There are 2 protein chains.
Amino acid sequence: MKNEALLKASCPIARSLGLVGDSWTLMILRDAFSGLTRFDEFQKSCNIAPNILSRRLKEMVGHGLLERVSYCSAPPRHEYRLTDKSGELRPIVLALAAWGNRHCVDGQPKMQLVDTLTGREVTAIMVDKETGQPLTVDRYQMVPGPAAGALLRYRHDYIRRKRAGQTPTRFSPPGAD
Amino acid sequence: MKNEALLKASCPIARSLGLVGDSWTLMILRDAFSGLTRFDEFQKSCNIAPNILSRRLKEMVGHGLLERVSYCSAPPRHEYRLTDKSGELRPIVLALAAWGNRHCVDGQPKMQLVDTLTGREVTAIMVDKETGQPLTVDRYQMVPGPAAGALLRYRHDYIRRKRAGQTPTRFSPPGAD
DNA sequence: CAGTATCCTGTCCGATACTG
DNA sequence: CAGTATCGGACAGGATACTG
């Protein structure tokens, strides 16, 4: 899937994936969340080729996921810092780690989320900020917003008909969206 | 990054990315979460080439993310259903959508998470299941677990020294992990 | 409909060498 | 250290045609 195509998509998930739907990017963010900031730290921790890392870091800076900050003038040295934008991805990456521990690891976990105040291992869940309720399928759903395009609306309608049991003719959304 | 390499990695995030660190996979899951189940539904909704979709669906079934269920015998027809494993990714994908709405969309949101009981738009946050506290950086952190390998431990130690101000020699972890 | 089979192209990536 | 430059191979992805 082309990155640029995703970035222009109408669905917010698709657009997000255009920015962070790449394994290297997420691996770099993982390291940044744990405190790494420098080129060779990322390179060795991720075990990524320097040219690839260079390209990725530039893209991420360009997308506002990292900030390139000089911390030494002679010789010139930079570090890559998280931004507010990428900082907000931290819970998502943590959730992915927890999911991986449950489903992709055999035996004991290799990394785990803890409450540093108590040392207790933490189970993270997503909740409605207002009510504190977990985001169950029956109650919480994505629906087309005010700016939704034709494809999004069509899909939502189609699914409602499908759920109602009237499996409709077939899925034939209007042109591009 | 090779998928197989990620799947064998020691870090749970890397392993998760080996399964779902691909844009098409996440796009298909997005559609599955919203209720689509059939080949042509995915194909048209994602606008993905049929051969690619076919490959992806097989991989996902092989990885336990989807289940292929026959719902009609003549002619033979199948649908792809979410599993428990992939169902647990739903909050993560929702969180990604919310992040995308905040940071990757200009103007009004195209899709939004609502409480279907009230119609109110929902802000989703990750919390500690026990305490209900949001996962702030200062209090909640990933640490090496009982089965952590050498690289994971080295990185964690290195970062602690780095945080303590004693920026140590440099990042040179032990060999593979 | 629900896919499979081919072919072709782009590009992502890894390896390596080089530089201020 | 913190990158850049170059090169070749593997593979993902798009288009298209075909089938039960």
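Note that the coordinates shown come from a computational prediction; the quantities given were computed from them, not determined experimentally. We name chains A, B, ... by the order of the sequence lines, and we start the count at 1 in each one.
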Taking atom [atom2] of [N] as reference, at what distance in whole Å does atom [atom1] of [X] sit?
X        : N       : atom1 : atom2 : answer
Gln43(B) : dG3(C)  : CD    : P     : 11 Å
Met27(A) : dC13(C) : CE    : C1'   : 15 Å
Trp24(A) : dC12(C) : CH2   : C1'   : 11 Å
Leu57(B) : dC1(C)  : CG    : C1'   : 15 Å
Leu6(B)  : dC12(C) : CG    : C1'   : 14 Å
Arg68(B) : dA2(C)  : CZ    : P     : 11 Å
Asp22(A) : dA12(D) : CG    : P     : 14 Å
Ile48(B) : dG14(D) : CD1   : C1'   : 11 Å

If you write DNA chain D from 5' to 3' in dot-bracket form, with Watson-Crick or G-U pairs under 3.5 Å, [ ] for crossing pairs and | for pairs with another strand, what do you get? ||||||||||||||||||||
Using only side-chain N and O atoms of Tyr71(B), determine if any of them is under 4.0 Å from OP1 or OP2 of dC1(C). no
Asn51(B) (side chain) and dG14(D) (base): donor-acceptor pair under 3.5 Å: yes
Do the charged groups of [X] and [Y] touch, with an N to O distance under 4.0 Å?
X         : Y         : answer
Arg139(A) : Asp128(A) : no
Asp22(A)  : Arg56(A)  : yes
Arg102(A) : Asp84(B)  : no

So what does Tyr80(B) touch, heavy atoms closer than 4.0 Å: a base, only the sugar-phosphate, or nothing? sugar-phosphate
Under 4.0 angstrom, heavy atoms only, what part of the nucleic acid is Lys58(B) near: base, sugar-phosphate, or nothing? sugar-phosphate
From the list [options], which nucleotide is the closest neighbour of the side chain of [X]?
X        : options                  : result
Arg56(A) : dC13(C), dC1(D), dT16(C) : dC13(C)
Asp40(B) : dG14(C), dA2(C), dG3(D)  : dA2(C)
Arg55(A) : dC12(C), dG14(D), dC1(D) : dC12(C)
Phe39(B) : dG3(C), dG20(D), dC12(C) : dG3(C)
Arg77(A) : dT16(C), dG14(D), dC1(D) : dC1(D)
Ile52(A) : dG14(C), dG14(D), dA2(C) : dG14(C)

Close side-chain approach of Arg30(A) and Ser34(A), heavy atoms under 4.5 Å: no
Would you please indicate yes or no on a ring centroid separation below 6.0 angstrom for Tyr154(B) and Phe171(B)? yes
Starting from the 5' end of DNA chain C, give me the residue, Glu59(A) or Glu79(B), whose nearest nucleotide shows up first. Glu79(B)
Of Ser54(B) and Lys44(B), the one whose closest DNA chain C nucleotide lies more 5': Lys44(B)
Asp115(A) vs Tyr140(B), side-chain contact (heavy atoms from CB on, under 4.5 Å): CA-CA, chis, key distance, verdict: CA-CA 5 Å; Asp115(A) 179 345; Tyr140(B) 295 93; 3.8 Å; yes
Rounded distance [0.5 Å steps], CD in Glu79(A) versus CD in Glu41(A): 8.5 Å
Kindly determine whether Ile92(A) and Val20(A) satisfy side-chain contact (heavy atoms from CB on, under 4.5 Å), including the steps that lead there. CA-CA 11 Å; Ile92(A) 299 181; Val20(A) 299; over 6 Å; no
